[in-house]
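Side chains included, hydrogens not; waters and symmetry mates left out as well; all remaining heavy atoms used.
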Amino acid sequence: MLDTNALLSISFALIANFASVVRIPPDSVPAGTADLQRLVVGSPRSPIDVHCVHRRATLFWIEDGAVIGYRSPGSFWAVQELEQLTNFHGVATLSTNEVLALAERTARG
């Protein structure tokens with residue numbers, strides 16, 4: 001039998017750690033079920049997969065004890081209308097080396 005409360009406690013700890021490494025704004029990170037608009041525990045793949053949707057519309061996916069996905073509102077992956085793609089044009093704010101350094105810090109975290 002699956003202890004859902006223990007699974008959720010572990011999930012919120014994983015999300016908090018992920019959010020601190022990736023530097024997600026604290027008001028977009030769920031600390032408990034009261035912060036969620038949607039929660040799914042289990043999937044066809046595994047009974048311990050967790051999918052959380054924060055009230056601010058940030059999404060977190062947990063598989064095999066790790067956060068494997070994150071999406072914030074307004075991100076490229078959340079675009080619903082083709083016209084919104086123009087929001088992602090412009091000059092890059094990070095150099096190639098800065099992107100690699102960020103990826104390395106994130107992976108090490």
Donor-acceptor pairs under 3.5 angstrom involving side-chain atoms of residues 52-69: please list them, not counting sequence neighbours.
unit_1, atom_1, unit_2, atom_2, d
His54, ND1, Arg56, N, 2.8
Arg55, NE, Ala34, O, 3.2
Arg55, NH2, Asp35, OD1, 3.0
Arg56, NE, Asp27, O, 3.2
Arg56, NH2, Asp27, OD2, 3.4
Thr58, OG1, Ser28, O, 2.7
Trp61, NE1, His51, NE2, 3.4
Asp64, OD1, Arg45, NH2, 3.1
Asp64, OD2, Arg45, NH2, 2.6

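Every residue two or more places apart in sequence or in another chain that forms a side-chain hydrogen bond (donor to acceptor under 3.5 Å, both in side chains) with Ser43 is listed here: Asp49. Every residue was checked against the side-chain contact (heavy atoms from CB on, under 4.5 Å) condition with Thr93, not counting sequence neighbours, and none meets it. Remark: Arg38 pairs with no residue by the salt bridge (Lys or Arg N to Asp or Glu O under 4.0 Å) rule, at least two apart or across chains. For Val99, the side-chain contact (heavy atoms from CB on, under 4.5 Å) test picks out Leu94, with sequence neighbours left out.
To the nearest 0.5 Å, the span separating OG on Ser11 from CG on Leu8 amounts to 5.5 Å.
Smallest separation of non-hydrogen atoms from Pro47 and Leu7: O-CD2, 4.3 Å. When all heavy atoms are compared, the tightest approach of Ile15 to Pro30 is CG2-CD, 4.0 Å.
Placement of Leu39 and Ile24 within a single hydrophobic cluster is found when ILVMFWY residues are connected by side-chain heavy-atom separations under 4.5 Å, directly or transitively. Transitive grouping of hydrophobic side chains (ILVMFWY, heavy atoms separated by less than 4.5 Å) brings Val29 and Val22 into a common cluster.
The stretch residues 12-46 participates, sequence neighbours left out, in no ring-ring contact (aromatic ring centres under 6.0 Å, His included) pair at all.
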